[in-house]
There are 2 protein chains.
Amino acid sequence: MARGSTRPTSRDVAQAAGVSQAAVSLVLGDKWRGRVSEPTAQRVRDAASELGYRPNLAARNLRLGRTRTVLLVVPALTTEFFAEVYTGAARVAAEHGFGVVLYPSPEGVGPARDPFASAQAALDGVIASSMAADALSAIRGDQLPLVMLDSDPEGSLGAATVNLDIADGIRQVAEHLLALGHRSFLHLAADIPSWTFEVRARELATRLTGVPGTELRTIRAPISIEGALRATEAALAAPGPRPTALVCDDDKLAAGAYKAIRRAGLRVPDDLSVTGLDDLGLATAIDPELTTVRLDAEAFGERGMRALLAVLEGRPPEKGDLPVSLVVRGSTAPPR
Amino acid sequence: MARGSTRPTSRDVAQAAGVSQAAVSLVLGDKWRGRVSEPTAQRVRDAASELGYRPNLAARNLRLGRTRTVLLVVPALTTEFFAEVYTGAARVAAEHGFGVVLYPSPEGVGPARDPFASAQAALDGVIASSMAADALSAIRGDQLPLVMLDSDPEGSLGAATVNLDIADGIRQVAEHLLALGHRSFLHLAADIPSWTFEVRARELATRLTGVPGTELRTIRAPISIEGALRATEAALAAPGPRPTALVCDDDKLAAGAYKAIRRAGLRVPDDLSVTGLDDLGLATAIDPELTTVRLDAEAFGERGMRALLAVLEGRPPEKGDLPVSLVVRGSTAPPR
DNA sequence: CGACGGACGTTATACGTAACACTTGCTGGA
DNA sequence: TCCAGCAAGTGTTACGTATAACGTCCGTCG
């Protein structure tokens, strides 16, 4: 590991302190109450810090048969959303002496690499976003304890799931737009096959079917500004009456839509109301600021980690979806 | 690890294939040319996949004394920039059989947690952004091979450095703005103590001092839309002649500045030209699209990983800074 | 006065893997 | 005929740690 000399081991510490290796392990592992005298323990601690001793984690992991390391599989790191999920998960993990390793699954539909080859660390369990579709089959192959983020509770075959209440978010969006008087909707959907996006489509359709005179069209785009720009441009150029409200599957799509709307010579929200979903920093960077659904990504990560800890300890994980809330800003207004 | 039964070991595979554990290790380690016959090797491979054998990485790491795992220390994951750095580093790492583990240092000036507590995996080396100032002292304490990203080549005490040619980027920005006719500049600087930001300030000052009649003022803000908004608002409200060009340390700051400029009733670029640095997705999401300096974050990550591999193998790392390029968009124009 | 138990440690072992050193059977050349 | 040499493996060990099981010394109690 180190350059010239090899790193000190617990045996080196033992020798320096004049005790056995076992005593070092006891003292440094904090299991010495009544087994080692205080002066001796102090000698061990001094020797350890003197030598700059750090336990060899590979050896410890081997001995204990567990690693206190967990893998977080995310679709791709191009959005700050999963950065915050990571932050939340890592905080809870640290409180329990665990570490979190990230595996960003390759973008697009590339060949599914082995997620565990990238995370060389041995693992106690896995938290996986259902959006990281490529990696899922490989993950299911392993018998590791698994928590799924935003995945169909029915279809997850026993794996614990932690979900944001996206359906409720879409309900709030729909009610907000209906209350403003909108009746002609365009849904800009993400073209990733994932349960969480199916929920958006289903819930939006459900909420509108009850209301007379409503109309809903759907277009799909990859989750990128460029992709959303092109899809929206095409939709706006299509013949027929223009919709008055554009519901986007996430904020990034909304940002792309803004550009298409500007290029078409139209204005948000005067000609077209737009909503997003995520409430990323992007939502307030664009003009007008975006009406969107606020997801608490950090809480999502925390809940995911807690669920995994529960599974590891044989406890049942918390039930219930995480609440979300509509944030009304300047991108929605009554139709003209 | 697994729920009920324990995972199969190489010994289990050996028994199933009717060979010794050593033979399994040879076959699966691909070191069997001339040592094990093809039929036997095939029997071993079949038994391994039959049992779903996966080597215990903790044991392997212990035995080999190296982990093929590397730590990437980044300031915080709130921007896609380091996501791309990670992508590049992970790709190169994978090509060499290495894995990359991420350590996002806590935001702000919180107490420096131990980066290695979070990355429970044992490590062969570290790549660290100089912006992750909190974690640096802890990192230097370990004797691990280290590569610094965007750090002072002089002040890094022997650690290898990989740098983007930020100075050249700022030169291009300055020349672009001077050529447009600007003479009164405002520098919106990041208030993070990091060499890479010092370079921006120094280079900008240098480029302007040669030109007669120029004026440069500097304000500082935390790297967030909100922070930039407030700092810019204050600067625009200050008495005296208004600058005609606003040079921002990165794109996020520029996005915040846009908002302040709009609130002041001014327009980009008519009243004020704005430049950024990074070329994130954000740069084209805002209106008008941002003139900025394109940094190839993925190449940065790749180069960082290659440098670390070189250090690990005792080779000298590549020299030379990575080139950057000015991307001129709609946020810069001649002053009125 | 013998036994007993607490305080303070030590010895020995196992975790799963990779690699070195060694064995065995066979072939071919002198 | 005999031995070198090779193919095809096997036996054994060490990596560094945590912990179960075992000693030893001494004070105390019945």
Side-chain angles (χ1 to χ4, degrees), chain A residues 1-2 5-45 47-48 51-69 97 120-124, chain B residues 1-2 5-45 47-48 51-69 97 120-124:
Chain A
M1 306 244 186
S5 59
T6 174
R7 280 168 72 135
T9 73
S10 62
R11 214 176 308 268
D12 297 329
V13 175
Q15 189 164 4
V19 296
S20 71
Q21 178 267 330
V24 173
S25 182
L26 289 173
V27 171
L28 269 41
D30 227 36
K31 304 214 175 290
W32 57 284
R33 8 188 173 238
R35 320 247 296 121
V36 176
S37 69
E38 174 53 36
T40 306
Q42 193 54 49
R43 250 184 18 253
V44 169
R45 283 188 291 258
L51 296 177
Y53 169 72
R54 278 180 176 283
N56 180 320
L57 297 176
R60 171 178 294 173
N61 292 343
L62 174 58
R63 171 66 230 243
L64 295 179
R66 78 200 132 86
T67 60
R68 303 204 147 246
T69 298
Q120 294 277 337
L123 303 171
D124 284 352
Chain B
M1 306 241 184
S5 59
T6 174
R7 279 167 72 134
T9 72
S10 62
R11 213 175 308 268
D12 297 328
V13 175
Q15 189 163 3
V19 295
S20 71
Q21 179 267 330
V24 173
S25 182
L26 288 174
V27 172
L28 268 42
D30 228 36
K31 304 217 175 287
W32 57 284
R33 8 189 173 236
R35 321 248 297 121
V36 176
S37 69
E38 174 52 38
T40 306
Q42 194 53 52
R43 252 187 13 256
V44 169
R45 282 190 291 259
L51 295 177
Y53 168 73
R54 278 179 176 283
N56 180 319
L57 297 178
R60 170 179 294 173
N61 291 343
L62 174 59
R63 173 65 234 241
L64 295 179
R66 78 203 130 87
T67 59
R68 302 205 149 245
T69 298
Q120 295 275 337
L123 304 170
D124 284 351

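Letters go in sequence order (proteins before strands), and every chain restarts at 1. This is a predicted model, so every value here is computed, not measured.
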**Q** Restricting to pairs with a member in residues 23-38 of chain B, which pass salt bridge (Lys or Arg N to Asp or Glu O under 4.0 Å), not counting sequence neighbours?
**A** B:E38-B:R45

**Q** Please answer whether the main-chain N or O of A:T9 pairs with a side-chain N or O of A:D12 as donor and acceptor at a distance below 3.5 Å.
**A** yes

**Q** Among all residues two or more places apart in sequence or in another chain, which pass the side chain to side chain contact (heavy atoms under 4.5 Å, CB included) test with B:R43?
**A** B:V19, B:T40

**Q** How large an angle, rounded to 10°, do the end axes of the helix from C:dC1-D:dG30 to C:dA30-D:dT1 enclose when each is built from five base pairs?
**A** 70°

**Q** By a strict heavy-atom criterion of less than 4.0 Å, which residues belonging to residues 35-44 of chain A are in contact with DNA chain D?
**A** A:R35

**Q** Who pairs with B:S25 by side-chain hydrogen bond (donor to acceptor under 3.5 Å, both in side chains), at least two apart in sequence or on another chain?
**A** none

**Q** Restricting to side chain to side chain contact (heavy atoms under 4.5 Å, CB included), what partner residues turn up for B:L64, sequence neighbours left out?
**A** B:R60, B:R66

**Q** Would you say A:D124's side chain and A:T67's backbone share a donor-acceptor pair under 3.5 angstrom?
**A** yes

**Q** Would you compute the distance between atom CG of A:L62 and atom CG of A:L57 and round it to the nearest 0.5 angstrom?
**A** 12.5 Å

**Q** Could you tell me which residues satisfy side chain to side chain contact (heavy atoms under 4.5 Å, CB included) with B:A22, sequence neighbours excluded, listed by chain and number?
**A** B:S20

**Q** Using a cutoff of under 3.5 Å, can you pull out all pairs of nitrogen or oxygen atoms linking the protein to nucleotides 23-28 of chain C, with atom names and distances?
**A**
none

**Q** Measure the distance from CG on A:N56 to C1' on C:dT17 and round it to the nearest whole Å.
**A** 14 Å

**Q** Specify the residues of residues 12-20 of chain A, ordered by number, for which at least one heavy atom lies under 4.0 angstrom from an atom of DNA chain D.
**A** none

**Q** Can you check the A:K31 NZ to C:dC8 P distance for me, whole Å?
**A** 19 Å

